[in-house]
Amino acid sequence: MPNVISADGTIRQDNWTVVARPEDGESLALPNGPCLIPVDLWLAGHEHFAGRDDIGVWFDSHQEPEHLGERANELPVVAVNFPKFSDGRGYSIARLLRERYAYRNELRAIGDVLLDQLQFMKRCGFDAYALRPDKDAAKGQDCLNFFSQSYQAATDTDLPLFRRRAS
Amino acid sequence: MYVYDEHDRQLARERVAQFRDQTRRALNGELEEDEFLPLRLQNGLYVQRLAPMLRICVPYGMLRSEQLRRLARITRDYDKGYAHFTTRTNIQLNWPRLEDVPDILAELADVEMHANQTSGNCIRNTTTDPFSGVQDDEVADPRPYCEIIRQWSTFHPEFAFLPRKFKVAVNASEKTDRAAIQVHDIGLQMVRNDAGDLGFRVHVGGGLGRTPMVGPVIREFLPELDLLTYLEAILRVYNRYGRRDNKFKARIKILVKALTPEGFAEKVEAEWAHIKDSPTRLTPEAVAHFQQYFTEPSYQSLENASDQLAEQRFTNREFDQWVTHNVDQHKKPGYAIVTLSLKKTGVPPGDVSDRQLEQIADLADEYSFGEARATHEQNVVLADVRQDRLFELWEKLRPLGFATANLNTLTDVICCPGGDYCALANAKSIPVAEAIQRRFDDLDYLYDLGKIDLNISGCMNACGHHHVGNIGVLGVDKKGEEFYQISLGGDSHHNARIGKILGPSFAREDMPDVIARLIDVYVEKRTEEETFLDTYQRIGMNPFKERVYA
């Protein structure tokens, strides 16, 4: 079970499991306990999954948040997969979910989640980070706070530095 | 020029501390090589053929004398006492030690410099015209906007892991383009609309490299305050849809081509509609804040020194040639723009010693309000020199090796470091540049040939901008041997064009002869007022081909 770091740097373990996409011809098998299923399967079986507080979804990096849209708030957890930490599409997915579709619940980074990207993730709206198990979760807090301020507006602030300077 | 405030200083310090921590973790094995790679690249650190290479950012080419002196000291203390000006107006050190890099970055931060995002798949240093603010035909000074883009793109949380590197250039002159904006991922041409409002014409998807392309216009007029929201929309579309499966098809130009410029523009406009009024939209106060750093220096009220200069030029032919080629008109009476040539034959183009960096600093203090500018042609500009002191400055430049009066001629070669230094290169480029410079050592002949851009790259990554050279030279590897392919007709200015390949490639020792034969064709066929490029465009490729392959 991976360590999950919160935006404030605290470490917890929880029992949300990520359900991989079933192979062709196989159907989705839900495990015991809360789980995250591929977002397109949740959308396809919406009438079946709607209203369950133990089922969330995960986006792969090529999937489009537009397809979920404002229905995101029906979900307790939305996760975004980083197949490789250098695949930056997940940052845009996160910002769109938060800023365009006003998603309020937990937004979790999963996959190749390393320490040095945590602050970028936080700034884009992620508030839970399933750190890759070989990395030291105790360093999470430092890495979430390398920088004490930022030049740009993002999900975390409406005040780019040029607006703070002007005030 | 821009001066850091407390916010910039704090961010710079935190960045150094972050990289120190990352370097420590890389050296003790907590960070794997591939995990450290993008972190060090985004701090300017490559691992090269012979040693690490550190690319230091010179934002839009502007340097203060104290920064030049610090760079000189760094090259002495941490390197071999020289540095290289690049075609993106940055400065490279070729021999730093990995474990010293955090200390070098700390020394740079002391003088408001850094190496942020000079490499890696992120938004790189924004470049502009080295004559910004001192020429008389610019729409507005582009540097405040470059600084606005620099700050917006620095540590941008959404765009640190793009499909590929991303370069932005801004041009403000109506007559010419000294920033080659049409071969950038985004090229911004400053314009005024019919109502007189300031804005940008937006080119996207230009670039050199493996698939050279001139960037099409996706928006004719973008109001100035919408600059950042529109850039954010372009970058978001690129971040989401740019190809990540193939490094060679990952630049934004491939996406623009695949979607067509119209299709790409539609996607950007749709995204922009959502964010155009977001807090990222600039305010008039914000623009004014940045403009205050780029006000005029304390010019004296002078007359043009026409009589004095005429007399000096009449009595000294070499000075006359230098004024013709290396001095440009300044918007203020009595002042001139001086370009120091870093293209002296026998010195790799763009290379300077520690001592020379200090000499440039001294000259900047003495003659140009303490500022200097790097150009993408790898020369250095003193932008505010009094005309009545030009002769005195020239006499000082000559023994320092900066007065070669060859700007914009055949021997003002743009040249990458090539196979002598670069791990990516297929072939050496510096010896080719030198052999051509030696062959064309008669200045009178060079002047007679007029303006010719000769650009040399050691591989198809095109750091030497060979595609947009009037004559372009590309190093290629043929079964382990170095050969050189020539292209003709490239142009990096307002009528940007990619050159066409002449034919089969040549051995290195043949290159000066081949160039000489191409030049002979021009000399025979030209009309009185034609440049090399004009003649090529009129007569086409065949006469050149026939001569060279005869």
(request) For A:R98 and A:Y103, indicate whether the former's side chain and the latter's backbone hold a donor-acceptor pair under 3.5 Å. (result) yes

(request) Please flag which part of B:N121 lies under 4.5 Å from any non-hydrogen atom of chain A: side chain, backbone, both or neither. (result) neither

(request) Side chain from CB out, backbone as N, CA, C, O: work out which of these in B:L11 comes under 4.5 Å of a heavy atom of chain A, or both, or neither. (result) both

(request) Return yes when atom CZ of A:R12 has more than 12 non-hydrogen atoms of other residues, nucleotides or ligands closer than 6.0 Å, and no otherwise. (result) yes

(request) Measure B:R244 against the heavy atoms of chain A and call it side chain, backbone, both or neither at under 4.5 Å. (result) side chain

(request) Could you check which of A:D134, A:D112, A:L115, A:L96 has the highest count of heavy-atom pairs closer than 4.5 Å to chain B? (result) A:L96

(request) Go through B:L162, B:L37, B:L282 and name the one with the most non-hydrogen pairs under 4.5 angstrom from chain A. (result) B:L282

(request) Pick whichever of B:Q22, B:H7, B:E30, B:E232 has the most heavy-atom pairs under 4.5 Å with chain A. (result) B:H7

(request) Give a yes or no on this: more than 12 heavy atoms of other residues, nucleotides or ligands lie within 6.0 Å of atom NZ of A:K84. (result) yes

(message) For A:W16 and A:D14: C-alpha separation, side-chain torsions, deciding distance, then whether side chain to side chain contact (heavy atoms under 4.5 Å, CB included) applies.
(response) CA-CA 6 Å; A:W16 284 93; A:D14 65 23; 3.7 Å; yes

(request) Name the orientation class of the two ring planes belonging to A:H46 and A:W42 (parallel below 30°, tilted from 30 to 60°, perpendicular beyond 60°). (result) perpendicular

(message) For chain B, which candidate among A:A94, A:A154, A:S86, A:P160 shows the most heavy-atom pairs at distances under 4.5 Å?
(response) A:S86

(message) Among B:H289, B:R236, B:E35, which residue has the highest count of heavy-atom pairs closer than 4.5 Å to chain A?
(response) B:E35

(request) Say whether A:E64 and B:Y241, considering side chains only, have a donor N or O and an acceptor N or O under 3.5 Å apart. (result) yes

(request) Side chain from CB out, backbone as N, CA, C, O: work out which of these in B:R281 comes under 4.5 Å of a heavy atom of chain A, or both, or neither. (result) both

(message) Shorter than 4.5 Å, heavy atoms on both sides: which option in A:M121, A:H62, A:K135, A:Q119 has the most such pairs with chain B?
(response) A:K135

(message) At a 4.5 Å cut-off on heavy atoms, which part of B:Q151 comes close to chain A: side chain, backbone, both, or neither?
(response) both

(request) Decide if atom NZ of A:K139 counts as having more than 12 heavy atoms of other residues, nucleotides or ligands within a radius under 6.0 Å. (result) yes

(message) Can you tell me which of B:L235, B:I275, B:D21, B:I148 forms the most heavy-atom pairs within a distance under 4.5 Å of chain A?
(response) B:D21

(message) Checking B:Y46 against B:R55: is there a side-chain donor and acceptor pair closer than 3.5 Å?
(response) yes

(message) What part of B:L228 gets within 4.5 angstrom of chain A, counting heavy atoms only: side chain, backbone, both, or neither?
(response) side chain

(request) Mind checking the OH-CD spacing from B:Y4 to B:E112? Nearest 0.5 Å is all I need. (result) 6.5 Å

(request) Could you check which of A:C143, A:A153, A:C124, A:G90 has the highest count of heavy-atom pairs closer than 4.5 Å to chain B? (result) A:C124

(request) Please work out which of the three classes, parallel, tilted or perpendicular, describes the rings of A:Y91 and A:F126, given edges at 30° and 60°. (result) perpendicular

(request) Can you tell which part of A:P65 gets under 4.5 Å to a heavy atom of chain B, answering side chain, backbone, both or neither? (result) both

(message) I need the residue from A:Q152, A:E99, A:R95 with the largest number of non-hydrogen atom pairs under 4.5 Å to chain B.
(response) A:Q152

(message) Does any backbone or side-chain atom of B:R25 lie under 4.5 Å from a heavy atom of chain A? Answer side chain, backbone, both or neither.
(response) side chain

(request) Pick one of side chain, backbone, both or neither for A:I93, based on which atoms fall under 4.5 Å of a heavy atom in chain B. (result) neither

(message) Counting neighbours of CG on B:D245 that are heavy atoms of other residues, nucleotides or ligands and sit closer than 6.0 Å, is the number greater than 12?
(response) yes

